[in-house]
Amino acid sequence: MSDEKNRTDNNSDTEISIPLAELIKVRRDKVLELQNKNINPYPYSYKRTHHIKDAIADFDSLAEAETSISFAGRIMLKRKMGKTFFADLRDSSERIQIYVRKDKVSDEQFDIFNSVDLGDIVGVEGFMFTTKTGEKTLKVTSFELLTKSLHPLPDKHSGLTDTEQRYRRRYADLIVNPEVRDVFRMRSKIIQMVRDYLNNKDFLEVETPILQPMYGGGNAKPFKTFYNKLDRDMYMRIADELYLKRLIVGGYDKVWELCKDFRNEGIDRFHNPEFTMIEMYWAFADYKDMAELFENMLRDTVFAIHGKYKIPYGENEIDFEPKFRWVSMLDSIKEETGVDFSELSYEDAKSKAKEFHVESDTLINWGKVVEAMWEEKVEPTLIQPTFITDYPVEISPLAKKHRDNPRLTERFELFISTFEMGNAFSELNDPVDQMERFIQQGKAMEAGDDEAQPLDDDCITALTYGMPPTAGLGFGVDRLVMVLTNQHTIRDVVFFPQMKETGDGSVPVSKILAQIIDDE
RNA sequence: GGGGGUGUAGCUCAGGGGUAGAGCAUCUGCCUUUUAAGCAGGUUGUCGAUGGUUCGAUUCCAUCCACCCUCACCA
C-alpha cells in the first residue's frame, strides 16, 4: 500500500507541490487580477508627506487640524472587522495603526485593500485621530498599493528567530525585527562619528589597494586570487599598514582609511573572513600620543551614541569616562602572578610558564612565552578599557623598539570586555631594522608559520627614503560596534556574514515562480 | 580540527517504529473603533540528506550537511 503511494508520488510529482508554492500562487493571482483591472501592482513612486515617527511626534496639531498626511510602508498586521480594517503599517521610522472604512474610500480602493496581504507595501493618505482604546491612528481616505509582496512574512508574533535564517535572509530579519535595524543604524553612526572626529583632527581619509601583489601589515593567511591579464597571483589585503606608511613617507602628516580586510581563517563569533578595520597614521607622534587620541575618540563616540559614558556589555557595565588604565604587559603579568618575566631568560621563562600550567614547549622565543602567559593570566581579567603596552619585540615585527628596553617595543593594545579593540605602535621607520624583522618573519615562515609576513621590498624601499617618526593604529570596527551595541556575535553587526553553502534540499523560490508562470 | 546541542508546515514549536500535530499565516463565511481582534469551517508537509536494521523508519543505528554553544588558532 505504501509502495503504491510512493510510486504514484514519484511518477506524478515532477511538479512542485509544497505549501509555500500555494501561498505564493494566491498572491500571484492577486497580481494578475490587479493587472486585469489596469492597476499596476508595482508602480514607480509615491510622494509621502510624513515619516510615521514624525507624524506621531506632531500628533496633537495634525489631529486637531485634521491635516491630510500620507505614509508609505509595509503592512505588518491586518484585522478585518466587517466593512472596516485596522492594520499595522511600518516604515523605516516607526509603526502606526491605520483604519480603513468602506464608506471613506472608493469601492475599488476598498476591494484592493481587502486583498492586501501581510508584507505588501502601500501608500496611505488620511488624517490622524485617536481610537476608543486610545491608539493614535491614521484614518485612511485614499490608499494605493505600492508593491505586491509574493512571499509570506515570518510569524507576526514570534518573528524570525532561527539564527541561520536570520543571517541567510537578512532582509526578512530586518523586516520583522526592527531592533536589528537599530543595531546597524548605530553601526553607521559609530563610523560617522569616527570619520567626523578624524576629519576634525585633520586626518586625511584615503584609499589604498585591496587587490595587492604582496600582502602584509599583519599576521594572517591571505586570500589568493589570479589576475589573468598580468598572468600572476594577487592577494586580497589583510591590512592597510604598509600602504598607509608609504603615504606618510610621501609627506602627508595624518592619514586614515576605513578598510575592508580579508583573512583566510576560521569563522567564529569574533571572526568573519571579511571584516572592517580603521587604520590611522600620524607623523611626528608616538604611541602615547596615539593612545590619547584613541581614548578621547572612543569616549566621545560612546557619548555621542548613548548620551552617557557607562554602557552595558553582557553581565558587565563598561565605563568609558575615567582615564583608561595604562599598564605594561610585563607589569600586568607580575600583578596577576607575582612573576617578573623581564628578569628571565628564554629558558627560565619557559619553565616558569609551566609552573602556571601554560604550555610553552612549542614557543620559539622569550616573547612568545610572555605572550602566552599574558593571554592565559591577564587577558581574561580585562573588563574595563585597558591599554596593555610594551610588547616583546619578537611578536611585534612592525613596531619600533622601546626607547628604554630593546627587548620590548613601543606598542599598545586596548582591551575592553576581554577582547582586543585596537593595536598601535610607534612605527618602525629604520629600514635596516625593518628589513631584519622581515627576514626573521621569513625564517618563521620557512619553519611553518603560515601567518608570518613576507618581505615587502617596496615597503623597505619607501622607508629608505625616510619616514618621519610615526604612530600607527588599527582597530576592528566590527568589534567596536559589538561593544557599543551590546552584541555578542560579529554576525550580528555584519549585514551579510559569510555562511557555508546550505545543506538543505529546499526548493528555490525562483523555481516556484517559474512553475507558477509556466502554469498560467 | 576536538567535544556538546539543534534540524518536523511560510513562521514559532510539540510529538514519536504503523508515513504527523498545535498556534500564527493562508482560504471560505459573519462582524463599521479593532489591536497577537473575535466566531464558525477548510487547505497545507520529500519530519536536513544518504545508507542500514525492520514486514514497515519521520522515529532506532551509521555516515554526511548546515546552524548554535564550547575548546584550540588568527582581529
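Proteins get letters first, then strands, A, B, ... in listed order; numbering begins at 1 in each.
Per the stacking criterion (ring centres < 5.5 Å, plane angle < 30°), A:F419 does not stack onto the base of B:A75.
Contacts between residues 261-273 of chain A and RNA chain B, defined by a heavy-atom separation below 4.0 Å, involve A:R263, A:E265, A:D268, A:R269, A:F270, A:H271, A:N272, listed by number.
The separation between A:Q453 atom CD and B:A75 atom P is 10 Å, rounded to whole Å. One interatomic measurement links the two molecules: NE2 of A:H157 to C1' of B:A22, which rounds to 16 Å at whole-angstrom precision. Distance, A:E135 CD to B:A36 C1': 13 Å, rounded to whole Å.
No hydrogens or angles were tested; on distance alone, nothing pairs the side chain of A:T161 with the base of B:U12 as donor and acceptor under 3.5 Å.
Taking the six-membered ring where the residue is Trp, the centroids of A:F223 and A:Y215 are separated by 6.0 Å or more.
When every heavy atom of A:F110 is checked against every heavy atom of A:T84, the shortest pair comes out as CZ-N, 4.5 Å. In terms of heavy atoms, A:A471 sits closest to A:Y287 at CB-N, 4.1 Å. Contact record, A:P392 with A:M329: CD-SD, 3.7 Å, taken as the closest heavy-atom pair.
Shown here are the side chain to side chain donor-acceptor pair (under 3.5 Å) partners of A:E410, two or more places apart in sequence or in another chain: A:R403, A:S426. The ring-ring contact (aromatic ring centres under 6.0 Å, His included) check on A:F475 picks up A:F294, with sequence neighbours excluded.
Figure legend: A:K78 and A:F113 shown as a cation-pi pair, the cationic atom lying under 6.0 angstrom from the six-membered ring centre and within 45 degrees of its axis. Both the sub-6.0 Å distance and the 45° axial angle are not jointly satisfied by A:K139 relative to the ring of A:F127. Seen from the ring of A:F59, A:K136 counts as a face-on cation partner, given the 6.0 Å and 45° thresholds.
Stem analysis of RNA chain B (Watson-Crick or G-U pairs, both distances under 3.5 Å, runs of at least three) returns B:1-7 with B:65-71, B:10-13 with B:21-24, B:26-30 with B:38-42, B:48-52 with B:60-64.
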Identify all pairs in which a protein N or O lies below 3.5 Å from an N or O of nucleotides 37-40 of chain B, and state each distance.
residue, atom, partner, partner atom, Å
B:A37, OP1, A:K156, NZ, 2.4
B:A37, OP2, A:R79, NH1, 2.8
B:A37, N7, A:K80, O, 3.2
B:A37, N6, A:K80, O, 2.8

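Residue pairs meeting the ring pair (Phe, Tyr, Trp, His ring centres under 6.0 Å) criterion with at least one member in residues 366-393 of chain A, sequence neighbours excluded: A:F324-A:F387, A:W326-A:F387, A:W374-A:F415, A:F387-A:F412.
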